[in-house]
Amino acid sequence: MIDKIKISLNDYSPNDNINWKSKEVKNCPPEKYFYKAKLYNSKFATKKFPLKLLLTANEKNNIFSLNIRGSIRKWYYQENSRKDLNSNEFDKCLKFIAEELNTELKTLLKGKITQLEVGVTLLLKSEMRNLIDCFVKYRNAERKIVKKTSLYFHFKNYNLIFYDKYLEINNNDIRPQKKRNVFNKFYLFRFEVNAKKVSGTILKSKFNTLEKLRNNWNQLPPMLEKYIDDIVFVDVISKEKETDIKDYPDFINHIAYMGIKKYGVIESINLFNKFVNTSNKKKKLEDFINIYRSNVTNELDLKRKLSTALAKKLDRLYNKSNI
DNA sequence: AGAGGCCAATTACCATGGAA
DNA sequence: TTCCATGGTAATTGGCCTCT
């Protein structure tokens, strides 16, 4: 479940086998010296997806501190795939990193986590392809579509990110027939909570050191599920219902639906947000969105399929499997 | 200089209850 | 019923400080 991470260790005795290269850092105290290096996973012959190291030497007290950053998921597997670290693999991964750094696991576990990306890739059917269009709102985040296939809910200290993992793995090139077949059949849906500043997010209390992250691993699944649950979801993929106007309220409802459809669900919600400012705005918005919902079928039951797929994946990740 | 921690201020969310 | 005010709680941000 853990992908990109930034860890800082306060007191670390540098491993001489690592090829440290000195680095210039402007505007910092004269007693400090900086060195950078790349850390590879020696369990593999390949040298890919290194973790980036920054070593700080303090001449005054002779203490070294170390920053580690990169995707431990890619580093551990040495590939970018749909696999996600389960708890056993996360443990092993930390052990390997400690070995490569030539330090004790318990030293590494004291490391503070300042940036963290928690994520999963779900294997969905291609009928779910446009799922991100159904994620119309999340709290007061800025909603942003990037390159048509990615969705960001943007906050100051973190983002919720959704994208097509299969396209990302293949650099958007799925021309070979074999890849095209996979693409036409499945949708590898990636969901990440990306904290740029752990101390400014909900992660700060339980996931701000490696040790806490390891001990509180079982609290990651409910957290991810809550994020998905809290997204305002509107099925914009399923077909619309046959028009059946029996009375005046039906008539008005249908006209409003046509208006929302013509204007766009997202745009309509934005306008609603701008114009409506009562104390029970949340409920009013629900009513407003229900106008749209009441006019479309739910033939694909997308929200439930998504929740089920997420729950299953999170359950497997708890230890048994990584896919 | 820029990243990040800490804590306080601000804002969003939600339940409750009385008024319209 | 629906509407609005209120208050508690949690989420998010801003400011100020330290460290690399």
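Throughout, protein chains are lettered first and strands after them, A, B, ... in sequence-line order, and every chain is numbered starting at 1.
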**Request:** Classify the nucleic acid contact of A/K282 as base, sugar-phosphate or nothing, counting any heavy atom under 4.0 Å across all strands shown.
**Result:** sugar-phosphate
**Item:** Separation of atom NZ in A/K226 from atom P in C/dA11, rounded to whole Å
**Value:** 6 Å
**Request:** In sequence, state the C-alpha distance, the side-chain angles, and the governing distance for A/I113 and A/K6, and then conclude on side chain to side chain contact (heavy atoms under 4.5 Å, CB included).
**Result:** CA-CA 6 Å; A/I113 301 172; A/K6 184 168 176 185; over 6 Å; no
**Rounded distance in Å - NZ (A/K23) to P (B/dG2)** = 12 Å
**Item:** Candidate nucleotides C/dA11, B/dG4, C/dT13, ranked by approach to the side chain of A/T114 - the nearest
**Value:** B/dG4
**Prompt:** When you look at A/L122 and A/V120, which way does the side chain to side chain contact (heavy atoms under 4.5 Å, CB included) test go after all the steps?
**Reply:** CA-CA 6 Å; A/L122 306 181; A/V120 287; 4.2 Å; yes
**Item:** A/Y40 six-ring face occupied by A/K47 cation (under 6.0 Å, within 45°)
**Value:** yes
**Prompt:** Rounded to the Å, how far apart are A/N208 CG and B/dG5 P?
**Reply:** 8 Å
**Fill in**
When rounded to whole Å, the CD1 to P distance for the pair A/I113 and B/dG5 reads 10 Å
**OP1 or OP2 of C/dT12 under 4.0 Å from side-chain N/O of A/Y158** = yes
**Request:** Between A/K284 and A/Y138, just flag the one whose closest nucleotide in DNA chain C comes earlier from the 5' side.
**Result:** A/K284
**Prompt:** Can you tell which of B/dG5, C/dC4, B/dG4 lies closest to the side chain of A/S199?
**Reply:** B/dG5
**Fill in**
The nucleotide from C/dT20, C/dT13, B/dC13 with an atom nearest the side chain of A/R139 is B/dC13
**Message:** Without decimals, in angstroms, what is the distance between A/F34 CZ and B/dA1 P?
**Reply:** 15 Å
**Complete:** A/L66 CG to C/dT20 C1', in whole Å, measures 12 Å
**Asked** Can you check the A/F153 CZ to C/dT12 C1' distance for me, whole Å?
**Response** 16 Å
**Request:** Look at all strands and tell whether A/K196 reaches a base, only sugar-phosphate, or nothing, counting heavy atoms closer than 4.0 Å.
**Result:** sugar-phosphate
**Request:** Let me know the distance between CD1 of A/I231 and P of B/dA12, rounded to the nearest Å.
**Result:** 19 Å
**Asked** Has A/Q115 got a side-chain N or O lying under 4.0 Å from the OP1 or OP2 atom of B/dG4?
**Response** yes
**Asked** Which part of the nucleic acid, if any, lies within reach of A/N157 when heavy atoms closer than 4.0 Å are counted: base, sugar-phosphate only, or nothing?
**Response** base
**Message:** Applying the side chain to side chain contact (heavy atoms under 4.5 Å, CB included) criterion to A/L94, which one of A/I2, A/L105, A/I7 satisfies it?
**Reply:** A/L105
**Message:** Less than 6.0 angstrom from the centroid, inside 45 degrees of the normal: does A/K83 satisfy that with respect to the ring of A/Y77?
**Reply:** yes
**Request:** Nearest-nucleotide wise, let me know which of A/P29 and A/K204 is further upstream toward the 5' end of DNA chain B.
**Result:** A/P29
**Asked** So, is A/K6 close to the B/dG4 phosphate, meaning a side-chain N or O under 4.0 Å from OP1 or OP2?
**Response** yes
**Item:** Proximity to the side chain of A/K156 - top-ranked nucleotide from C/dG14, B/dA3, C/dT12
**Value:** C/dG14
**Asked** Where does the angle between the aromatic ring planes of A/F162 and A/F153 fall among parallel (under 30°), tilted (30 to 60°) and perpendicular (over 60°)?
**Response** perpendicular
**hbond_proxy A/K197 side chain to B/dG5 base (donor-acceptor, 3.5 Å cutoff)** = yes
